[in-house]
Amino acid sequence: MDDKTYNPFITAQKQFDHAAELLELDQGTRDFLRYPMREYQFSIPVRMDDGTVKVFRGFRVLHNDARGPGKGGIRFHPQETADTVRALSMWMTWKCAVVDIPLGGAKGGIICDPHNLSLLEQEHLCRGWVRQLAKTIGPLSDIPAPDVMTNSQHMLWMLDEYETIRGAKYPGFITGKPVEMGGSLGRKEATGYGVMITVREAMKELGINIQDTTASFQGFGNVSQHAIELYQQMGGTPTCVSSWNQEEQTAYSFRKKDGFNPKELLSVTDHFGEIDKKKVQDLGFEVLPGDAWLEQEVDLLVPAALENQITGDSANKISKKTKIIAEGANGPTTLDADKIIKEKEILVIPDFLANAGGVTCSYFEQVQSNANYYWAKEEALGKLDLKMTNAFVDVSKFAKTNKLFMRDAAYMISVDRVAKACKARGWV
Ligand code: NAD
């Protein structure tokens with residue numbers, strides 16, 4: 001499904017162009033928002049465990065900070081490209097704006113595969129990334145966070161390097177820290193739970209009883225695991241999930257038609273979110289091809305792996321039963337696929353709305369870190385629920401009033417907020 005020629009930045013720009021057209025934005029604002037404001041690309045030399053030096057490529061892109069400091073994760077991935085980071089930074093701008101938090105959009109990455117790196121090598125890589133950027137990122141300018149294949153330990157190494165360089169404590173420099181080291185309770189769950197809060201609201205609007213529904217998920221990492229957990233708590237039945245098989249370099253889907261327990265599945269999953277293909281069969285799962293998760297006869301589909309996963313070809317295979325697609329991943333759906341999904345009249349909860357729970361709780365973490373006062377988990381998750389519900393209701397109302405696709409409605413609200421902030425500052 002993964003087309004090597006696919007360029008997520010072109011998709012992000014086309015989505016933006018469409019919103020700019022709908023909003024009738026002036027040319028100066030369009031030109032400004034189509035590209036990131038700042039970009040850094042650099043080399044990170046790392047002394048490997050065998051004594052050799054390996055040089056990695058690092059990125060940090062700040063798309064827009066008119067509404068507040070840049071915010072966005074750092075991804076470790078062997079196929080990372082400058083354009084992927086640009087696209088993700090742009091989507092972060094719209095994401096922060098749609099949930100109305102005072103942050104801009106940024107993203108970072110390193111081309112690497114942590115599967116093949118020792119913990120010490122990963123620590124060197126994290127510290128090297130911060131050394132290249134210490135003058136430009138910070139709690140008041142640009143705040144990193146975890147993303148694909150990075151976790152709280154990576155964030156802590158990065159924080160430690162930053163504080164060592166700066167000679168003081170800056171817990172608000174980075175989010176996604178371990179809870180005992182300044183992280184926020186609820187951050188781990190926030191993205192997946194946020195996805196399901198929007199699904200809950202969508203089902204309410206469509207008059208669907210969540211307890212009568214089934215769902216299929218792509219990916220079984222941070223986002224998907226917690227989305228499945230809350231979905232099941234709310235009474236839904238998850239029946240299928242896919243994950244990447246590192247050894248075979250391909251994906252598989254795993255199905256239990258009567259529903260599965262995510263806790264049981266976790267017992268055969270590694271910390272990269274890879275489900276063990278052999279052990280999972282002992283738990284009664286069928287093993288299916290990687291794309292099968294999308295073709296299931298379910299009410300809800302949740303792509304929660306990577307971008308470019310629902311394409312013009314595969315969208316045709318979505319079952320007639322499917323009523324909602326909640327995009328847990330960033331950019332999982334191509335422009336061609338969007339057209340087909342519109343024709344099928346499936347409600348799409350667009351990525352930068354559906355998965356905004358992560359950055360919302362990251363914002364809460366930053367608030368707590370800067371104040372050096374930490375909230376109970378219920379408080380963080382309660383505030384998350386309120387933010388996500390309000391954002392969903394606003395977008396849905398706007399879509400209905402103006403007869404728009406949810407993605408267009410979300411784009412119009414976000415782009416308008418950012419464009420107004422740029423104008424108010426006198427930038428455009
Ligand atoms: P993760 O690294 O924890 O998990 C990724 C999962 O996807 C793993 O289970 C992996 O096996 C699976 N996967 C990878 N390629 C696949 C493929 N081709 N087919 C099937 N499965 C595949 O990542 P995550 O943090 O859960 O992030 C997932 C997506 O959500 C990404 O697009 C990320 O940018 C986005 N996102 C994450 C957060 C967050 O807080 N973690 C916030 C917002 C958006």
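Order of listing sets the numbers, starting from 1, for every ligand and every atom in it.
The ring pair (Phe, Tyr, Trp, His ring centres under 6.0 Å) analysis of residues 70-91, with sequence neighbours excluded, yields the pairs Phe76-His154. Counting only residues at least two apart or on different chains, the salt bridge (charged side-chain N to carboxylate O under 4.0 Å, His left out) pairs with a member in residues 183-192 are Glu189-Lys377.
Distances from atom 4 (O) of ligand 1 to the heavy atoms of Pro332, Ala305, Gly221 show the closest one on Gly221. Across the listed options Phe272, Phe352, Trp244, Phe272 owns the non-hydrogen atom lying nearest to atom 8 (C) of ligand 1.
Here Lys188 has no heavy atoms under 4.0 Å from ligand 1, in either its backbone or its side chain. At a heavy-atom cutoff of 4.0 Å, ligand 1 is contacted by no atom of Glu307, backbone or side chain. Contact annotation: for Lys95 versus ligand 1, heavy atoms closer than 4.0 Å belong to the side chain alone. The proximity of Thr191 to ligand 1, defined as any non-hydrogen pair under 4.0 Å, is limited to the side chain. In Ala304, the part holding a heavy atom less than 4.0 Å from any atom of ligand 1 is the backbone.
Close contacts of ligand 1 with Phe220, meaning ligand atoms under 4.0 Å from a residue heavy atom, involve 6 (C), 8 (C), 9 (O). Per-residue contacts place Ser242 under 4.0 angstrom from the following atoms of ligand 1 (heavy atoms of the residue considered): 20 (C), 21 (N). Near Arg75, meaning under 4.0 Å from one of its heavy atoms, ligand 1 places the atoms 31 (C), 32 (O), 33 (C), 34 (O). Ligand-side atoms of ligand 1 in range of Arg187: 40 (O), range being under 4.0 angstrom from any heavy atom. Close approach to Met149 involves these atoms of ligand 1, each under 4.0 Å from a residue heavy atom: 2 (O).
No option in Thr175, Thr93, Asp65, Asp142 other than Thr175 meets the side chain to side chain donor-acceptor pair (under 3.5 Å) test with Lys71.
For Phe16 and Trp94, the distance between ring centers is under 6.0 angstrom. Taking the six-membered ring where the residue is Trp, the centroids of Tyr411 and His18 are separated by 6.0 Å or more.
Not a single heavy atom of Gln225 lies less than 4.0 angstrom from ligand 1. Gly328 counts as a contact of ligand 1, since one of its heavy atoms falls under 4.0 Å from the ligand.
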Give the C-alpha distance, both sets of side-chain angles, the deciding distance and a yes or no for salt bridge (Lys or Arg N to Asp or Glu O under 4.0 Å) between Asp100 and Lys387. CA-CA 8 Å; Asp100 205 9; Lys387 268 277 178 209; 5.3 Å; no
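Nearest heavy-atom pair across Asn370 and Gly172 is OD1-CA, 3.4 Å.
Residue Leu306 places no N or O, backbone or side chain, under 3.5 Å from any N or O of ligand 1. An N or O contact shorter than 3.5 Å links Gly273 to ligand 1 by distance.
Looking only at atom types and distance, the side chain of Asp113 has a donor-acceptor partner in the side chain of Gln246 under 3.5 Å away. No side-chain donor from either of Thr239 and Gln296 sits under 3.5 Å from a side-chain acceptor of the other.
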